[in-house]
Amino acid sequence: MAHTSRIVIICVAVIFVAACNKQPANNQTNAPAPTGPAAAVAIDHYKGVGVVKNISLKPPAIEIDHGDIEGLMPAMQMEFPVTDPSLLNGIAVNDRIEFTIEAAKGQLKVSAIKKKE
Ligand SMILES: [Cu+2]
């Protein structure tokens with residue numbers, strides 16, 4: 001049991017690091033965006049909290065009344081495209097959510113959504 005959950009945790013950590021394409025040693029939370037050649041290929045991730053205001057399936061997008069997103073934008077209500085339509089499964093208007101924004105090539109997309117209790 002314990003052994004299995006340890007493997008799962010390690011797998012999740014590896015996937016996270018790979019997906020973020022960052023060096024874990026110097027890019028912990030809220031690290032400044034890379035500059036120079038690295039900036040051209042970097043994908044930055046930001047964490048936000050907010051309330052769902054609208055869900056659209058074509059194209060897949062979610063409108064969120066969100067709080068401050070440190071290093072990215074102040075509190076506001078806005079729509080984000082999502083990286084995968086399945087992220088919207090089980091999410092409804094007025095849900096309180098934690099979400100991750102992926103910033104790549106000047107485009108912002110929601111790449112993870114977690115419902116808050
Ligand atoms: Cu915003």
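All ligand and atom numbering here is 1-based and tracks the order in the structure.
Side-chain atoms of N94 and V52, non-hydrogen and from C-beta on, never get closer than 4.5 Å to each other. Taking 4.5 Å as the limit, some side-chain heavy atom of I69 sits within range of a side-chain heavy atom of F99.
Residue pairs meeting the side-chain hydrogen bond (donor to acceptor under 3.5 Å, both in side chains) criterion with at least one partner in residues 82-91, sequence neighbours excluded, are D84-S86.
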Check your understanding: Given the rule in the side chain to side chain contact (heavy atoms under 4.5 Å, CB included) test, do L108 and M73 qualify, once you have shown the distances and angles that lead to the verdict?
Key -> CA-CA 11 Å; L108 301 178; M73 60 174 78; 3.6 Å; yes
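Around the Cu ion (ligand 1), the protein atoms of type N, O or S found under 2.8 Å away are H66 NE2, M73 SD, M76 SD, M78 SD, listed by chain and number.
The pair K47-E98 does not count as a salt bridge, with every side-chain nitrogen at least 4.0 angstrom from each carboxylate oxygen.
A distance of 5.0 Å separates CD of Q77 from CG of D65, quoted to the nearest 0.5 Å.
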